Amino acid sequence: MESGFLQTVEERESLLLAPYAMHSCDSAGRRHVETEHLYRGPFQRDRDRVLHSSAYRRLSGKMQVFTGDKGDYHRTRLTHTQEVASIARTIGRSLRLNEDLVEALALFHDIGHPPFGHAGEDALDECLSDVGGFSHNRYGLTIAEELETRHQPIPGLNLTYEVLEGQKSRVDKEADNRRPLLEAQVVDAADSITYDAHDTDDAIKLEFVTLGELRRELIMIQWCFEELGSRADSLDSDSLRRAVVHTLIDFQVNNVLMESGKLVSQSGWQSSTEARDGGVIIEPLGELADAKQQLESFLYERVYRHSELIATRDRAQAQIKDLYTVLVDDPSKMPDRFIQRCDIHGVERSVGDYIAGMTDRFFEKQHAIQCS
Ligand code: MG
């Protein structure tokens, strides 16, 4: 195919990216060597592989904080992921980092979440305690390297070393005694900015808390009102909630760009390796970090530990343990490919991997069928 008129990924990145960004041409590549694509760079291909994976689509049926029976307004694990990707790209672009890598890491970051969010994770961790426990971050790697199938005979998604390593850094932040790539740090920061903002939004909309309470108790919300000024008085309650949440995101992104961004841009780093060894962390800093801590403690006490959510959590955990026990006793009730995994990975791990891949709804159906 005639392609000389197309700008190469290398040309594009050399024009746009900072020297400390992870340039595609410096990628360590993939475990199974593949031919380079004509016009899509390696991280762009990774992003597309994640986007087209069934595990990614299933995020739409996995809860973030609130289950589906609370209506349709609140975030699912999928919309959370999309919001993280959007905020991470904003930060990544402003810092002249590799946006394709940022987006690939962001779309991938929660792909290993089991049904029922952290409640599901804790239950599986208990079930699997004799064989190493369960972590959604580690399970994300199992999905990418073993469970997902593409049209090629290569196992898993065959993602680049950089995306897999970025996910590994979520399992163990101190792995190899090196900081993650700046792109991975951006995704981590964006994840926390995103859930602090949308959990606040959902909690108000679903009437777990009121905006008035948040304003009285939290410095961060008071800053948002100061920023909105007299405009706040003219807004109805829905518009005011949206304006506050919007400002909450802006505040945090601005802080990351102004504080960490300044250090990064003044660093003089000439490569992504120098940046990793440079010791700067991209995250909210200073008084904003304290204000975030205050907001997160509030959300923990008043929302995540709310009696309604605790009841959902208890029910989900009991059901996960039920289904786990039934399937460990009789693994033949699982689909063939998970039965086959029992010989290699053991019955417990294979059952855990099967359950972890389920959406909330599919899990409930399986529980009703297998545990009745
Ligand atoms: Mg997340």
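Each ligand, and each atom within it, is numbered from 1 in the order the structure gives. Given the structure is predicted, the values throughout are model-derived calculations rather than measurements.
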Please name the atom of [X], restricted to N, O or S, that is closest to the Mg ion (ligand 1).
X    : result
D191 : OD1
D110 : OD2
H109 : NE2

Practice problem: Show your reasoning for whether side-chain hydrogen bond (donor to acceptor under 3.5 Å, both in side chains) applies to E13 and S24. | Solution: CA-CA 8 Å; E13 290 186 353; S24 298; 2.6 Å; yes
Quiz item: When the ring centroid of H198 is compared with that of H74, is the distance short of 6.0 Å?
Solution: no
Self-check item: Y39 and H37 aromatic centres sub-6.0 Å
Solution: yes
Practice problem: Look at the side chain of S86 and the backbone N and O of E83, then say whether any donor-acceptor pair between them is shorter than 3.5 Å. | Solution: no
